[in-house]
Amino acid sequence: MPDALPLYPSDFRTAPVAPLNRKRRKNPRTVTMPDRVGPHVRLVFAEMARQKLRYLDVAERSGVQHATLKAWRKKNRPGLESVEAVLATLGYGLVPVPALEALPPALAGELTALALKLRMNIPQTWCALLDVHAEQKLLQMRASERAAVLTDHDRRTAGAANDNVKQRRGRVVASSAK
């Protein structure tokens with residue numbers, strides 16, 4: 001197949017590409033892309049630049065300190081909770097994607113066939129499968145349960161990604177009436 005789509009993006013599990021020497025921009029970004037950082041941090045800074053958000057904006061919304069965000073550029077590596085909070089603020093979720101080698105051979109073969117049929121790479125195929133699974137789970141629920149799940153999700157995502165508000169502790173009594 002001459003125009004076959006690759007199973008993984010060209011930059012999946014590879015070393016970062018060296019940046020090009022570019023001229024100074026007339027309209028400088030508020031956030032620049034750091035060199036030699038991991039792909040998650042690269043995504044954070046690329047999205048901050050694309051959405052034209054400053055460090056203070058992201059720090060305020062995510063609950064991650066301003067100094068911590070700036071330290072990701074050269075000194076520190078972000079923890080899982082911090083990078084998830086910042087990515088949620090930017091409108092992203094963090095989903096692990098297994099390599100084909102880590103999967104059982106039968107599943108890897110079916111996943112490869114599905115990816116080729118959908119003309120997607122493996123990470124895109126995983127995301128599509130997760131979306132379909134979530135939709136099916138919601139469709140299987142009763143209307144009242146589905147509304148409660150969606151309302152709870154909207155309530156949790158309405159505030160800051162890491163608002164550090166203590167949750168109320170109380171007993172939830174489920175009724176067994178059908």
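All values below come from the heavy atoms of this structure, side chains included, with hydrogens, waters and symmetry mates left out. Numbers here simply count residues along the sequence, with the first being 1.
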(request) Would you kindly confirm whether Leu56 and Val58 end up in one hydrophobic cluster when ILVMFWY residues are joined by side chain heavy atoms under 4.5 Å apart? (result) no

What pair of heavy atoms forms the shortest contact from [X] to [Y], and how long is it?
X     : Y     : result
Gln51 : Leu90 : NE2-O, 3.0 Å
Trp72 : Val86 : CH2-CG2, 3.8 Å
Pro78 : Val83 : CB-CB, 4.2 Å
Val64 : Ser82 : CG2-O, 3.8 Å

Taking side chain as C-beta onward, heavy atoms only, is [X] less than 4.5 Å from [Y]?
X      : Y      : result
Gln136 : Val132 : yes
Asp57  : Thr89  : no
Gln124 : Leu118 : no

(message) Tell me if a side-chain donor or acceptor on Glu47 pairs with a main-chain N or O of Leu87 at a distance below 3.5 Å.
(response) no

(request) Report the C-alpha distance between Leu111 and Thr125 in whole Å, list the side-chain angles of each, state the deciding distance to 0.1 Å, and finish with yes or no for side chain to side chain contact (heavy atoms under 4.5 Å, CB included). (result) CA-CA 8 Å; Leu111 185 63; Thr125 305; 3.7 Å; yes

Rounded to the nearest 0.5 Å, what's the gap from [atom1] on [X] to [atom2] on [Y]? Could you check?
X      : Y      : atom1 : atom2 : value
Lys117 : Glu110 : NZ    : CD    : 10.5 Å
Arg77  : His40  : CZ    : NE2   : 11.5 Å
Asn121 : Trp126 : CG    : CH2   : 13.5 Å

